[in-house]
Structures are given as C-alpha cells and as structure tokens.
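The shown structure was predicted, so the numbers you read here are calculated from the model rather than taken from an experiment. Heavy-atom basis, side chains included; hydrogens, waters and symmetry copies ignored.
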Amino acid sequence: MPPERLFPWLALRLLPGVGPLSARRALEMHGDAAHLAFRLPAAAWREVPGVDAATALGIAAARASLARRVEQEWREAVRRSVHILSREDPGYPAMIAAQPDAPLVLYVRGELPEGAVRLAIVGSRRASAYGRSAARALSSELAERGAEIVSGGARGIDTSAHEGALAAQGRTVAVLGCGCGRTYPPENEDLFERIAGGGGALLSEFPMGMPPLPENFPRRNRLISALSAATIVVEATAKSGSLITAAHALEQGREVMAVPGPFDSDTSVGCHRLIQQGAKLVAGADDVIEELSPMYREALAGGPRGDTGTGATDPGEGATPDETATLGLLDDPRPVHVDVLADRAPFGIARLQSALFALVLRGALDQLPGGYYVARPRKGPVGS
C-alpha cells in the first residue's frame, strides 16, 4: 500500500481527465486531495473550470476501481525502483513545484537532489553529425564544470546530450514522454540504465504504463525547461518541438540559448531564428555560464564539480525575502527536517523549497539525507 500521504494524490492523478490545472482549481475550491478523489460529487466537479459533464461522469465511474488501481500503480513503481513524489513531498523539485501547472505527482527513478545546477540541452530527433557532435561536446564541457544535463531521452540531440554528460562522469536527467515502466525509444534502454545508475534520474509525470503518445512530448517539454536554469537548443527545424521547450523556458523566466549551424541547414533554421530574436549564441560552455544569473554562475565557476568551500559567505547580500526568512528558521546548529521548516515558515511549501534550493546552491545551507537541512558556518573572522 502506498504511504498514507501519497495515496490521495496518486488517486487524484489516476482519475480520468484530471490534469494539473483542473486539479489545482478543484483543490482551491473544494479542499484536500482525498475528498476530491473519492467523495466530491460529479455535480461539484462540473463547477471546476475545464471539467465538462462527460469528464465529471467519468470521474464518478472510475471510483469503483480507483483504490485497486492506486495499489497496482504503487506496486509496479516499487518493482521498478521508481519513487513517486507528490507536491507535498520534500523531494519534489522546487523549480517544478513553483509552476502553476506542476504535476500532481512525479515518478523518479534514480536521484534528483536539490541544490544542483541543471541545464537543458535539446534539439532535433533527426540530427546531423554536426548537431550530435556539438550536443555531446557541449554537454561534456558543462558536466565537467559541475552542471547536470537535462534532456528528453529522445533520439538525436537528446541522446547525444545524455551521452556527453555520462562520458564526462557527470549526471544527467531524462524527462520522459511515457511512463517509467516503458522504454522509448527502445534502443536507449542501456542509456537509461546508465543514467539512473550513475547518479542521475529518469523523470516522468505519466503513470507507469503510459505509452509514448505523440501528445505527451510537447507536454513534457515544460518540465525540461522548468527543471533547468537555462535551455540550450542544438539544431531545430522551423517547426521543431525544441522551440516549444524554448517558449516554455521564456514563460518560466529561464534563459534561452542556441547553437548556430551551417547557414543553409534546415535543421538549424530554428536555432538561427532564436538567435535573431535575442537568444544567446553558444559556441562553448563559457558562453552558457556567462549568461546565467550570478547564483548559478558562481556555483559552476570552480571547474569540475568544484568544492564551494566549507563555510558560507554572508548570504544576506542579494538574498530574497523568502531566503532571509528561511535562514531565520535555521538558527539551530543541529539539522532540521523540511517538515519542521514547513510548519514554521510563514509561506507555503513551494516557496520554501525554492528558497532552500537557492540557499543550498549558494552554499548557505547543506542538504542532508532524509530531508534535513543545516546552516553552514559563516566565513570570516570570529564574531563578524
């Protein structure tokens, strides 16, 4: 049986026709996930924006087998070593949680720690030799500097990006357009095993057995960009799905960059258009790092997964109000669990996770196993 706190979220996710936005609206109108999944009448579901009469009736009909389906989903996830995270889970990525259409649950196989600087490298499935070489080289350079590479696990540029990170002994995250119980494309089975076993992760918002439907891939692109500080496009046609990822990145306030290609190459038309529209032209890892905000740039400045030091500089300068408030909750030299911090914080879990992520990244906090955080001692003279 799934853990008590996860069960209602997973049940809500498995209801037919209930997406992240309609679920969020329903939660705002009617309360907790268990009530929505098992008790809210069809007539009340019809009042939720985006839920029509047919969907409401389908939700009511699905309840007869819902508990059994949740149990089956959980058992399949456990069998495949997949962790299921609800939006209430402290392991749920803060950069995704902050999005208005954050999935109700995420499926993760491998490791997805907070505090990592992640950069997305995406591009055409039908990549040229030039594009594959550029993606692999750029991914390796960035991984050597300590970045985790995020891509979509697809053929072409995505595969080359993942392989480049692994070749540099770095970590990479594949955001899938199917469930973690499926392997798509099938020739990447070994690659996915190496990703999950090498400190990286396979990530999906889809149920375990979900096939790679065409409509899944544009939808998963928003997670690729949300998880990343920047999105770098390497080869894209005029109508490439990678441009959807770039558009999501802009909407989410992330940086967008592009690698130029031969002037007459159809697979570089999308990249050239992005550059014309103001995207940073990328010819190497330094171009990417220079474009990042200081918080990310400093974390990658020390070379290959460089040590940021044993003490933290004073984080007050440039800290957001949420970060300052979060630091104030960690005045105890002993580790504090994220659930305790959530009870103390004057704001919700999504804002808390975002603040914790930023503070870990800048070296003000250490994240410990089991969801614990501890403040680092300040650098400088005693009593400063």
Side-chain angles (χ1 to χ4, degrees), residues 118-143 147-168 170 172-178 184-185 187-188 191-192 195 200 202-203 212 214 216-250 252 254-285 287-289 291:
R118 297 189 173 97
L119 301 171
I121 296 180
V122 297
S124 175
R125 286 178 172 82
R126 298 179 179 177
S128 68
Y130 163 81
R132 293 193 300 271
S133 175
R136 185 181 178 92
L138 182 61
S139 177
S140 291
E141 288 181 37
L142 291 168
E148 287 192 16
I149 304 302
V150 181
S151 199
R155 299 181 176 99
I157 297 300
D158 289 12
T159 292
S160 296
H162 294 307
E163 289 177 339
L166 293 172
T172 182
V173 178
V175 183
L176 306 179
C178 58
Y184 183 83
E187 65 267 25
N188 277 359
L191 173 64
F192 293 158
I195 290 172
L202 307 179
L203 174 69
N216 292 352
F217 292 92
R219 182 174 167 184
R220 66 90 199 262
N221 289 348
R222 80 193 194 285
L223 301 185
I224 294 175
S225 57
L227 194 60
S228 308
T231 292
I232 305 114
V233 182
V234 182
E235 285 200 326
T237 62
K239 297 182 179 180
S240 172
S242 302
L243 301 182
I244 298 175
T245 311
H248 284 306
L250 290 173
Q252 294 160 348
R254 311 294 197 255
E255 300 290 343
V256 174
M257 311 179 203
V259 174
F263 77 95
D264 59 349
S265 171
D266 289 341
T267 54
S268 290
V269 169
C271 293
H272 295 162
R273 184 173 299 166
L274 287 173
I275 294 169
Q276 289 171 334
Q277 294 170 348
K280 174 69 177 281
L281 186 153
V282 171
D287 293 327
V288 175
I289 294 172
E291 194 73 3

Separation between [atom1] of [X] and [atom2] of [Y], rounded to the nearest 0.5 Å:
X	Y	atom1	atom2	answer
R118	L142	CZ	CG	14.5 Å
M257	I121	CE	CD1	10.5 Å
L274	L250	CG	CG	8.0 Å
L203	I195	CG	CD1	11.5 Å

I157 and V122: side-chain contact (heavy atoms from CB on, under 4.5 Å), yes or no, with the steps? CA-CA 6 Å; I157 297 300; V122 297; 5.7 Å; no

Where do T231 and A249 come nearest, in terms of heavy atoms and distance?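 In terms of heavy atoms, the two residues are closest at OG1-CB, 3.8 Å.
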
Between A161 and S139, what is the shortest heavy-atom contact and its length? O-OG, 2.5 Å

Apply side chain to side chain contact (heavy atoms under 4.5 Å, CB included) to [X] and list each qualifying residue two or more places apart in sequence or on a separate chain.
X	value
H248	N221, R222, S225, I244, E251, Q252
S133	none
R132	A127, A129, S160

Before giving the answer on side-chain contact (heavy atoms from CB on, under 4.5 Å), spell out for E163 and L191 the whole-Å C-alpha distance, their side-chain angles and the decisive distance to 0.1 Å. CA-CA 8 Å; E163 289 177 339; L191 173 64; 4.0 Å; yes

Spell out, as yes or no, whether a donor-acceptor pair under 3.5 Å connects the side chain of S140 to the backbone of G164. yes

Taking everything shown except R219 itself, do over 12 heavy atoms lie less than 6.0 Å from its CZ? yes

Test S128 against E235 for side-chain contact (heavy atoms from CB on, under 4.5 Å), laying out the working first. CA-CA 8 Å; S128 68; E235 285 200 326; 2.5 Å; yes

